[in-house]
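Right, one structure below, let's go through it.
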Amino acid sequence: MQKLVNESGFKEKLFSFANNNEFIYGVSAGAIILGNDIKIASYPGENYVHLKEFGDLNLINDYSIWCHYKSGRGEDEAEFFEKANQKFLLLYEESGVYFDRKTLWPIGTKYEEIV
């Protein structure tokens, strides 16, 4: 998806919308690309399309977004967060966030921030 966003000119459209305070809605991969780094979508590390760039939209205040998050995956996940050295929004299946360019507003029953 990142490849298509970059090659199609959609990235510039997203920046234009964001700069004009327009509403942008992303679900699943569409939400992930709005974040700082899309590598989270390939946890624990698969890269089937051999991407070399992992995102530069960064429209959600330096957060990388993990959609469809399920807790309790064990020590590997904790180690991943420690080594990643970045901020994460963990969005459970029943949740989302609204970001007004200043504040994150939770929607649904559960999300977590790892800073």
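Between the CZ atom in Phe10 and the CD1 atom in Ile33 there is a gap of 6.0 Å [rounded to 0.5 Å]. Between the CD1 atom of Ile24 and the OG atom of Ser16 there is a distance of 9.0 Å, given to the nearest 0.5 Å.
Qualifying side-chain hydrogen bond (donor to acceptor under 3.5 Å, both in side chains) partners for Asn61, counting only residues two or more places apart in sequence or in other chains: none. Residues satisfying the salt bridge (Lys or Arg N to Asp or Glu O under 4.0 Å) criterion with Glu22, sequence neighbours excluded, are absent altogether. When the side-chain hydrogen bond (donor to acceptor under 3.5 Å, both in side chains) test is applied to Glu82, no partner is found at least two apart in sequence or on another chain. Evaluation of the side-chain hydrogen bond (donor to acceptor under 3.5 Å, both in side chains) rule for Thr109 yields Glu94 as partners, not counting sequence neighbours. A search for side-chain hydrogen bond (donor to acceptor under 3.5 Å, both in side chains) contacts involving Glu112 returns Tyr92, not counting sequence neighbours.
At a threshold of 4.5 Å between non-hydrogen side-chain atoms, the residues Glu93 and Tyr69 do not count as touching. In this structure, Tyr111 and Glu113 have side chains that are in contact, with non-hydrogen atoms separated by less than 4.5 Å.
Of all heavy-atom pairs between Ser28 and Cys67, the closest is O-SG, 3.5 Å. The two residues Leu4 and Ser8 have their closest heavy-atom pair at O-OG, 2.7 Å. The shortest heavy-atom contact between Gly108 and Ser95 is C-OG, 4.0 Å.
Applying the salt bridge (Lys or Arg N to Asp or Glu O under 4.0 Å) definition to pairs two or more places apart or across chains, those involving residues 28-38 are Asp37-Lys39.
Checking Ile38, Leu57, Leu91, Leu89 one by one against Ile32, the side chain to side chain contact (heavy atoms under 4.5 Å, CB included) holds for a single residue, Ile38. Among Leu59, Asn58, Ile60, the single residue meeting the side chain to side chain contact (heavy atoms under 4.5 Å, CB included) criterion with Asn36 is Asn58.
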Identify every side-chain donor-acceptor pair in residues 98-106 under 3.5 Å, counting partners at least two apart or on other chains, and give the distances.
residue, atom, partner, partner atom, Å
Asp100, OD1, Lys102, N, 3.0
Asp100, OD1, Thr103, N, 2.7
Asp100, OD2, Trp105, NE1, 3.3

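The same ILVMFWY cluster, assembled from side-chain heavy atoms under 4.5 Å apart, contains both Val27 and Phe23. Hydrophobic clustering places Phe17 together with Ile65 (ILVMFWY residues linked when any side-chain heavy atoms are closer than 4.5 Å, directly or through intermediates).
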